[in-house]
Amino acid sequence: MRGYTLPLSPRGTANIASAPPWHYAGEVVAAEFWADADAATAVLPDGLSLDPKSNGRTVALFFDWQFSGEHDEYLEPARSQYREFFLLVDAIWQETPVSWCPYIYVDNDAAMARGWVQGFPKKLGAIHQTRAFSSGGPATPQVAKGGRFGASVSAVGHRLANAVITLEKPLENPSAMLRPTVNLRHFPQLAIGQYDKPAVHELVMAVFENQQIADPWVGTAELELLEAPGEELADLKPIRMGAGMRFGLSYTVTQVRNLS
């Protein structure tokens with residue numbers, strides 16, 4: 001039986017996610033904000049602590065993604081295109097500034113499988129963001145001063161987040177806004193008496209190779225995180241807002257770095 005993820009199969013093409021390399025390209029709408037420091041501390045796993053310098057800083061990111069592997073998978077857009085939303089909380093790992101992803105939503109099963117392998121705690125959701133088209137006209141904002149972009153996420157029939165950003169100027173150093181991302185690869189056992197003894201429980205750092213940022217803009221942001229049954233996203237609701245951002249992003253994933 002062949003394949004990288006389940007289901008394994010005779011020819012190995014039925015698996016949800018094939019083996020790396022995994023190539024990504026997308027457009028990002030992001031809103032920076034500060035959550036309550038106690039609430040931000042509560043979502044951190046063992047091994048991470050809240051960054052005392054930023055004290056609750058979090059970034060909400062909405063992505064419109066396109067994926068490809070080694071066989072021009074982007075030519076099959078029904079499988080390769082998807083949308084995603086997640087939070088990144090400022091944290092510290094052994095004196096190194098990092099970000100931690102406590103919650104993430106995606107609308108594609110292959111992206112969910114790849115995420116679980118990397119340690120992203122992905123759940124199904126419906127994510128949307130305003131797109132910019134080169135044709136111009138009243139139906140599209142421009143990636144320029146005054147351009148406004150909206151974004152939202154919902155899951156299981158409940159709206160979870162709304163955002164609006166308004167662009168003001170090009171962002172001179174976008175890489176300063178992005179920290180190394182730490183995740184937790186966690187796979188439980190299904191055995192009576194061993195539910196609290198996972199088969200895999202390891203802190204890892206994401207490795208984004210050949211990362212490129214394009215056409216970054218910064219401005220103002222509005223964001224609300226909404227209460228919903230079975231969700232804890234709103235526990236990190238903003239107490240004050242920071243910058244709004246929009247930029248293009250691409251990178252390749254082939255591995256993670258084990259921190260345990």
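No side-chain heavy atom of Ile127 sits under 4.5 Å from any side-chain heavy atom of Ser152. Within the 4.5 Å cutoff, the side chain of Glu32 has heavy atoms near those of the Arg57 side chain. By the 4.5 Å heavy-atom criterion applied to side chains, Leu178 and Gln211 are counted as neighbours. In this structure, Asn210 and Tyr251 have side chains that are not in contact, with every pair of non-hydrogen atoms separated by 4.5 Å or more. In this structure, Trp100 and Trp93 have side chains that are not in contact, with every pair of non-hydrogen atoms separated by 4.5 Å or more. Taking the side chain as every heavy atom from C-beta outward, Leu225 and Tyr103 never approach each other to under 4.5 Å. Using a 4.5 Å heavy-atom cutoff, the side chains of Val143 and Phe149 are in contact. Residues Leu50 and Val89 are in side-chain contact: their nearest non-hydrogen atoms beyond the backbone lie under 4.5 Å apart.
Ile104 and Leu124 fall within the same hydrophobic cluster, where Ile, Leu, Val, Met, Phe, Trp and Tyr residues are linked whenever their side-chain heavy atoms come under 4.5 Å apart, directly or through other members. Connection of Leu236 to Leu226 is not established within any shared hydrophobic cluster, with ILVMFWY side chains joined at heavy-atom distances below 4.5 Å, either directly or through further cluster members. Hydrophobic clustering (side-chain heavy atoms under 4.5 Å, transitive across Ile, Leu, Val, Met, Phe, Trp, Tyr) keeps Val207 apart from Val182.
Looking only at distances, no side-chain donor or acceptor of Ser99 sits under 3.5 Å from a matching main-chain atom of Leu88. Between the side chain of Thr58 and the backbone N or O of Phe33 there is no donor-acceptor pair closer than 3.5 Å.
Ring orientation note: the planes of Phe85 and Phe62 are tilted relative to one another, at an angle of 30° to 60°.
Under the 6.0 Å cut-off for aromatic ring centres, Phe208 and Tyr24 do not qualify, their centroids lying 6.0 Å or more apart.
For residues 39-56, the pairs satisfying salt bridge (charged side-chain N to carboxylate O under 4.0 Å, His left out) are Asp51-Arg179, with sequence neighbours left out. Screening residues 242-255 for salt bridge (charged side-chain N to carboxylate O under 4.0 Å, His left out), with sequence neighbours left out, gives Glu27-Arg246.
Not a single salt bridge (Lys or Arg N to Asp or Glu O under 4.0 Å) links Lys145 to another residue, sequence neighbours left out. Qualifying salt bridge (Lys or Arg N to Asp or Glu O under 4.0 Å) partners for Glu202, counting only residues two or more places apart in sequence or in other chains: Arg185.
In terms of heavy atoms, Asn183 sits closest to Ala206 at ND2-CB, 4.4 Å. Of all the heavy atoms in Pro180 and Pro97, the pair that sits closest is CD-O, 3.6 Å. Smallest separation of non-hydrogen atoms from Leu223 and Met241: CB-CE, 3.8 Å. Between Val28 and Phe63, the shortest heavy-atom contact is CG2-CE2, 3.1 Å.
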Evaluate side chain to side chain contact (heavy atoms under 4.5 Å, CB included) for Leu87 paired with Leu233, printing each intermediate quantity in order.
-> CA-CA 9 Å; Leu87 299 183; Leu233 187 70; 3.5 Å; yes
Could you please spell out the steps behind the side chain to side chain contact (heavy atoms under 4.5 Å, CB included) verdict for Val117 and Trp22?
-> CA-CA 12 Å; Val117 171; Trp22 299 331; 4.2 Å; yes
Can you list the steps and then say if Val204 with Leu259 is a side chain to side chain contact (heavy atoms under 4.5 Å, CB included)?
-> CA-CA 5 Å; Val204 299; Leu259 304 181; 5.5 Å; no
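Counted within 6.0 Å of CG on Leu75, heavy atoms from surrounding residues, nucleotides or ligands total more than 12; the atom is thus considered enclosed. The number of heavy-atom neighbours closer than 6.0 Å to CH2 of Trp116, taken from other residues, nucleotides and ligands shown, is 12 or below. By the neighbour-count criterion of 12 heavy atoms within 6.0 Å, atom CD of Glu232 is sparsely surrounded, having that number or fewer from other residues, nucleotides or ligands.
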Check: residues 153-174 side-chain donor-acceptor pairs under 3.5 Å, at least two apart:
from, atom 1, to, atom 2, distance (Å)
Arg159, NH1, Asn162, OD1, 2.4
Asn162, ND2, Glu224, OE2, 2.8
Asn173, OD1, Ser175, OG, 2.9

Check residues 76-84 and write down every donor-acceptor pair under 3.5 Å in which the side-chain atom is one partner and the other belongs to a residue at least two apart or another chain.
from, atom 1, to, atom 2, distance (Å)
Glu76, OE2, Arg79, NE, 3.4
Ser80, OG, Glu76, O, 3.2
Gln81, NE2, Gln66, OE1, 3.1
Arg83, NE, Asp107, OD2, 3.1
Arg83, NH2, Asp107, OD2, 3.4
Glu84, OE1, Trp65, NE1, 2.8
Glu84, OE2, Lys122, NZ, 2.6

